[in-house]
Each structure stands twice: as structure tokens, then as C-alpha cells.
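Just so it is clear: chains get the letters A, B, ... in the order the sequence lines come, proteins before strands, and each one is counted from 1. Treat the numbers as computed from the prediction; the structure is a model and nothing was measured.
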Amino acid sequence: MSQVTANPNVTTAAEPKVKSASPWVLAFRQVRQSKLAIFGIVMLLLMFLICFFGPFFSPYTIDTLNIRNGNKAPSAAHWLGTDNLGRDILLRVMLAGRISLLVGFVAMMVSVSIGSLLGAIAGFYRGWVDTIIMRIIDIMMSIPSLPLLIILGSILSDWKIPPSERIYIVMFMLGILSWPGLARLVRGQILSLREQEFMQAAESLGLRDSKKIFRHLLPNTIPIIIVNATLAVGGAILMESVLSYLGLGVVPPTPSWGNMISAANNLIDFQKRPWLWIPPGVCVFITVMSFNFVGDALRDAFDPKSKSKR
Amino acid sequence: MSNNLIEFRNLRTNFYTGSGVVKAVNDVSFSIREGETLCVVGESGCGKSVTAMSLMRLVATPGKIVGGEILYKGEDLLKLKEREMRYLRGNEIAMIFQDPMSSLNPVLTIGHQIAEPLRIHKKLSKQEAKKKSIELIELVGIPRAAKIYDSYPHELSGGMRQRIMIAIALSCDPKLLIADEPTTALDVTIQAQILDLMRDIKKEFNTAIMMITHDLGVVAEMADHVVVMYAGKVIEEAPVHELFNNPKHPYTQGLLKAKPVISNRQDRLYTIPGQVPNPVELGENCYFNDRCEHCMEICVQKQPDLNIYDNKHKAACWLYEKEGK
């Protein structure tokens with residue numbers, strides 16, 4: 001193809017180097033304005049660094065038992081004290097953090113992939129496909145999740161699944177229970193996006209359905225997916241804590257914040273040895289709160305209506 | 001300039017709405033020759049766009065093509081499988097939409113959107129597609145093509161976006177370009193540039209253009225051949241000079257009279273009296289009868305056929321028939 005009206009003096013060198021700002025970049029610039037979001041991001045980064053690298057600097061290992069040294073209050077040797085078996089609480093909190101954060105992320109990823117995929121398919125094809133998916137969602141949403149998780153947890157206990165494998169099952173359980181909310185949101189967005197003129201234009205180019213869904217429609221729903229995913233990580237960590245607290249999620253000896261907090265079940269530990277349960281509790285609190293700050297800031301950044309309020 | 005590229009034969013597209021069946025395209029027949037610009041004129045809701053969407057087979061529910069044939073190079077498009085049709089779309093038949101502001105996907109770069117049909121239809125590699133895309137951006141007269149390639153739609157003006165739409169449509173060297181009111185959403189200076197661009201392209205690539213418009217100025221500037229539609233029917237069809245010099249149908253005459261003439265000032269422009277008839281459940285009369293100055297008895301009883309007169313001029317009006325005299 002030759003050039004009809006090609007501009008002969010096309011110069012690119014003289015142009016100032018300005019990187020094109022994608023809608024995402026613009027939104028993240030907005031997030032940077034929010035102090036709470038910065039606080040949340042910093043706290044989360046700290047939490048990650050401490051949990052994933054901290055254990056390497058600890059003089060103790062997870063198997064270091066010292067029963068004579070059990071239930072000691074915080075000291076120079078054990079900054080956060082020791083538990084009834086003489087294990088270092090600081091180390092256990094960090095290792096538990098790895099597990100809890102991992103559970104949060106995997107559960108979120110399971111939930112986001114199922115939710116956005118099924119939501120997009122339901123919204124794009126409409127008709128009977130939509131009906132089937134939406135009825136499944138209705139059913140999932142009308143089952144109370146806590147009793148269901150408790151039942152599943154006790155089945156797992158009954159089958160005597162080893163604790164190391166059990167955490168993976170917990171991750172998927174949490175993810176599978178939380179996708180319907182996101183699927184609904186994505187479906188709603190896709191339903192309105194598919195009627196936009198640019199989709200008609202995409203259709204007139206002869207694109208396949210998969211291209212239309214994954215390249216043209218889903219990227220437009222990323223704002224709500226990101227917001228939802230951020231909040232879902234916090235939710236999953238909280239839910240994992242609840243389950244582990246009840247002894248049905250991650251079970252000892254694998255530490256998780258939830259099963260460490262369950263020390264508070266014991267009246268003597270609760271009253272006399274707060275170093276057993278306060279550190280993991282504070283960690284859950286800070287982590288979930290930070291995720292929520294970041295999620296809220298992202299929502300404000302992506303929502304055009306909330307910008308004017310400031 | 002002689003072979004028919006597209007031939008509509010008795011095309012009927014209905015919309016099944018809650019208040020009844022709307023015959024949006026009602027027994028429409030006309031053809032577009034290779035390398036020709038054909039303008040479809042008519043007021044809003046007369047079926048121009050639905051005719052074009054029927055050609056692309058993209059009529060959205062509750063609309064449905066219920067009859068007729070659309071021949072593309074002698075092959076009936078309505079009988080093709082969806083997969084074969086998808087191959088034609090964007091490749092041999094491309095389309096430009098009315099509103100450039102909303103026709104580009106806001107989250108994908110310009111480059112991605114131009115390269116996409118190239119990669120799908122021409123099976124180009126990423127680098128080849130990028131090179132070709134940048135050529136196309138230059139072709140439609142946008143400087144700094146390499147930079148535009150990486151930018152997002154919100155960074156471009158309306159005129160530039162319409163040029164990008166044209167670049168996308170041209171990417172696979174289509175035989176037919178459907179332009180659905182391509183200049184309606186643009187201001188007048190940009191309109192002129194876009195029309196110039198389309199004329200250049202037509203000359204260069206011998207692309208046939210089916211232009212949908214309600215702007216007679218655009219028709220006069222662009223068209224070789226004109227089809228006038230009213231309430232889902234073709235009421236007049238003629239080469240552009242013939243139509244402007246010698247409009248036959250009273251509706252066309254009214255349209256031409258309603259156009260402002262720059263040299264003489266009028267206090268009030270001519271308007272065609274009355275309203276477009278309700279498209280639900282139209283009867284067996286001439287649909288224009290209640291607005292027509294020359295309405296006769298037969299006009300309310302029978303529908304006129306589209307008959308050919310001198311100079312390839314077709315019209316559907318009883319004024320020119322024996323029965324009407």
C-alpha cells in the first residue's frame with residue numbers, strides 16, 4: 001500500500017518523550033494522592049517483607065522445642081515471648097503470616113478467575129447461558145458460607161488430611177465460595193459494555209467471540225476486578241482466621257494467625273499471657289485494614305463520580 | 001466500473017418490538033458497482049443504517065433479516081456460515097461508524113486496534129502488523145504516527161479518531177467501505193478533511209463506498225449514485241447529477257428544497273409538512289401520501305413500484321405512472 005496523504009515531514013525525534021498514560025496509570029496516580037492508601041501499601045509491604053524474609057534472621061526454627069522455657073513473657077531472647085512448648089512467638093507469627101497471606105492471595109486468585117470468567121460469559125452470551133450461570137450464583141449466594149465451611153472443615157478433619165495439604169484445600173474452598181459476588185458485578189458491566197459502539201465496531205472487524213470477551217470487554221472491567229480482588233484478599237485472610245480459630249482451617253502444627261489467636265480460648269492464656277494472642281491478632285487487623293484502605297482508594301480512583309467530592 | 005459488487009435483492013429486515021412488527025427495511029433492492037460511491041439518503045429511522053447492518057449481518061435483536069438476498073460478488077451473504085461471514089467482515093467489507101468518540105475501545109492502544117484486523121485476517125506477525133499500522137496512520141494524514149501508535153483513544157481529538165477509524169477500516173484493503181454517517185459528529189472543517197481523505201482513498205484503492213448520510217451537501221460532494229429511502233423503502237434512485245437536476249419523487253424534491261442555498265437569504269427554510277409515519281403496521285399505500293402535495297386517490301390505495309425511467313433514474317411514485325394520470 002503506498003501513501004496517499006502521507007505527511008512527508010514526519011518527525012519523531014523532536015517529540016518530547018512523554019509516555020502515553022493508559023487509563024490504569026492515571027488511576028494509580030490518583031491512588032497516590034490518598035494518604036490512607038499509601039499507609040496501607042507501606043504496611044502491606046512491611047508485612048510481606050517481615051513475613052517472608054524475617055524467618056531467615058531468626059535464631060530459632062519452627063521445630064525448636066524447649067518445654068522448660070515454655071510460656072515465657074517477652075524478653076531479649078524471645079522478643080514476643082514463647083508459647084507453651086517453648087517455641088518463639090515472633091518466628092511463629094512470621095511463618096503464620098506467610099500462610100495467611102498465601103491463603104489470602106490464592107483464594108483471591110481462584111475467586112477472581114472463576115468470577116470474572118463466568119461473569120463475562122454470562123454477560124456476553126446472555127440468554128440461557130446467562131440464566132444457568134446466574135441461577136448457580138443465586139444458589140451459591142443463598143447458602144450461608146460459614147456453616148458450609150465448618151461442615152467442609154470437619155469433613156477434612158474426619159478424613160485426617162495432613163495439615164500441610166490441608167492449607168491448599170482451605171485456599172480453594174475460600175476462593176470457590178467467594179466468586180459469585182464478583183461474577184455478578186462483571187456480568188453487569190459486560191452487559192452494558194457489549195452494547196457500546198466500540199463493540200459494534202469490533203464486531204464489524206470480524207473478531208472471534210473469545211477475542212471480543214478477553215481483549216475488548218474484560219479489560220474494561222479491570223477497575224472493578226482490581227477493587228474486588230483487593231478487598232477479597234482481606235476477606236479471605238479474615239475468613240481463614242475465623243476457620244483456623246475454630247480449628248477447622250489451617251491446623252497446628254502449621255501456624256496461621258487464626259490458630260495462634262485461638263490461644264485466647266484458654267482462660268489462663270487469655271488473662272495472663274497476652275503475648276500469645278495479641279501479636280497474631282494485631283497482624284490480622286493491620287493486614288486486613290491495609291487491604292481495605294487500598295481497595296477503597298482504588299475504588300475512588302476508578303469511579304469518576306467520587307472525584308468531585310474532594 | 002461495471003460489475004456489481006453488492007446487490008440487494010428484495011431485502012426485508014423486521015424488528016419485533018413490543019408494540020408490533022416494524023418493517024425497518026421493506027423490500028429494498030439496489031446495487032453498488034465496483035469502485036463506486038453510493039450514497040443512501042433519508043431522514044432518521046428510514047432504514048439506512050439497518051440496511052448497512054443487514055449487509056454486515058450484524059442486525060441486533062429484536063431485529064431480524066426475514067427475506068431477500070444480498071449478493072456479494074454473486075454470492076448470497078445471507079446464506080454464508082457465521083465463520084465465513086466473520087472472514088468477510090473487516091477484511092473485504094469494512095465499516096466506519098458515526099461517532100468516533102465512542103467507536104474506539106478506551107482501554108486499548110490505537111496501535112493495538114489497528115493491528116488487530118491485520119493480525120486476524122492477514123495473519124501478519126506482530127512486527128509486520130506494527131509496521132503496516134504505522135503506515136496506515138500516516139496514510140490517513142496523522143503526523144507522528146509512531147507516537148500515535150502507542151497512545152490511547154482519550155488522547156486524540158474527534159477528527160483524529162475518525163481518521164483512525166478509517167485507518168482500521170482500510171487496514172485489510174476492503175473492496176467495500178460502509179460509512180455510516182462518518183461526518184455527522186464532526187465539525188465542518190474536519191468534515192471536509194475527512195471527506196477529502198475518503199475521496200483520495202477511493203481513487204487510490206478503487207474501493208467502493210456505501211455512504212449513509214442525511215446531509216445532501218455530503219451527497220453532492222461524494223456520490224456517484226444516490227438512493228433515497230423513506231420509511232424502509234427505496235423511493236428514488238439515480239446518478240447524482242440526474243437526481244439533483246431532476247428529482248422525481250415529491251419527497252426528494254422536498255428534501256432538495258429544504259436545503260439552504262448560501263447565495264440567497266430566506267427567513268424560513270422550506271420544510272416538508274407532516275411527520276414520518278409510525279413504522280408499526282404500515283398499510284398498503286404510498287407511505288408518503290399524507291405529506292405529499294400531489295397526493296391522489298390511488299396513492300392512498302396502492303403502493304407504487306420502483307420503476308425505471310430515463311437516464312438510469314428510478315422512482316416509486318404514481319405521478320409518473322399511467323394509472324396515476
Side-chain angles (χ1 to χ4, degrees), chain A residues 1-27 125-127 189-226 302 304, chain B residues 53 56 58 60 83 85-91 93-99 101-110 112-113 116-117 120-121 132 135-136 138-148 150-155 165 168-173 178 196-197 200-201 203-205:
Chain A
M1 187 185 281
S2 66
Q3 296 165 5
V4 182
T5 46
N7 203 328
N9 46 7
V10 177
T11 51
T12 43
E15 279 307 309
K17 277 271 178 221
V18 182
K19 184 88 186 75
S20 276
S22 77
W24 317 135
V25 175
L26 292 177
Y125 288 106
R126 301 183 293 188
Q189 288 263 308
I190 300 265
L191 276 177
S192 82
L193 284 167
R194 76 191 297 289
E195 302 300 331
Q196 303 261 316
E197 203 161 345
F198 66 79
M199 282 316 292
Q200 214 177 21
E203 211 153 13
S204 76
L205 290 176
L207 302 187
R208 266 177 288 121
D209 285 355
S210 58
K211 266 254 156 68
K212 277 186 262 175
I213 295 175
F214 294 111
R215 297 309 291 270
H216 287 248
L217 287 171
L218 269 181
N220 278 288
T221 65
I222 282 183
I224 60 160
I225 294 180
I226 289 182
F302 285 125
Chain B
M53 290 317 268
M56 291 295 260
L58 289 175
R83 195 172 49 80
M85 194 61 217
R86 211 163 50 213
Y87 173 78
L88 288 181
R89 283 184 205 136
N91 193 11
I93 306 173
M95 192 156 180
I96 305 170
F97 289 87
Q98 176 175 356
D99 185 2
M101 303 311 267
S102 60
S103 302
L104 287 166
N105 195 328
V107 298
L108 300 176
T109 59
I110 299 293
H112 179 101
Q113 299 188 53
E116 196 159 38
I120 295 170
H121 293 302
K132 180 84 193 275
E135 277 173 29
L136 281 162
E138 284 171 4
L139 173 82
V140 293
I142 304 180
R144 296 179 285 118
K147 186 169 176 292
I148 297 294
D150 286 320
S151 42
Y152 285 84
H154 70 93
E155 297 170 298
M165 290 306 295
I168 295 174
L170 287 178
S171 57
C172 296
D173 298 321
I178 303 172
D196 280 345
L197 173 65
D200 288 343
I201 282 158
K203 248 185 262 162
E204 173 90 10
F205 303 111

Requested in this report: Considering only heavy atoms and a distance below 4.5 Å, find which of B:Met95, B:Arg83, B:Met101, B:His112 pairs most often with chain A.
Outcome: B:His112
**Report entry** Which portion of B:Ile120 sits near chain A, non-hydrogen atoms under 4.5 angstrom
**Finding:** side chain
Query raised in the report: Quick one: of B:His121, B:Met53, B:Glu116, who has the most non-hydrogen atom pairs under 4.5 Å with chain A?
Result: B:Glu116
Query raised in the report: Considering only heavy atoms from C-beta outward, does the side chain of B:Pro153 approach that of A:Phe198 to under 4.5 Å?
Result: no
Query raised in the report: Between A:Ile222 and B:Val107, is a side chain to side chain contact (heavy atoms under 4.5 Å, CB included) present by the stated rule, with each step listed?
Result: CA-CA 10 Å; A:Ile222 282 183; B:Val107 298; over 6 Å; no
Report task. May I ask you to name which of A:Met199, A:Gln200, A:Glu195 has the most heavy-atom pairs under 4.5 Å with chain B? Result -> A:Gln200
Report summary line: Minimal heavy-atom distance between B:Ser103 and A:Ala201, with the atoms involved, is O-CB, 3.6 Å
Query raised in the report: Does any heavy atom of chain B fall under 4.5 Å from the side chain of A:Leu193, the backbone, both, or neither of them?
Result: neither
Query raised in the report: Side chain, backbone, both or neither: which part of B:Met165 has a heavy atom under 4.5 Å from chain A?
Result: side chain
Query raised in the report: What heavy-atom pair brings B:Arg86 and A:Gly206 nearest, and what distance separates the two atoms?
Result: CG-O, 3.3 Å
Report summary line: Assert top hit (heavy-atom pairs under 4.5 Å, partner chain B, pool A:Lys211, A:Gln196, A:Glu203) equals A:Glu203
**Report entry** Under 4.5 Å from any heavy atom of chain A - which part of B:Met85
**Finding:** neither
Report task. Could you tell me which portion of B:Pro106 (side chain, backbone, both or neither) has an atom closer than 4.5 angstrom to a non-hydrogen atom of chain A? Result -> both
Report summary line: The reported gap from CD in A:Glu197 to CG in B:Asn105 (rounded to nearest 0.5 angstrom) is 12.5 Å
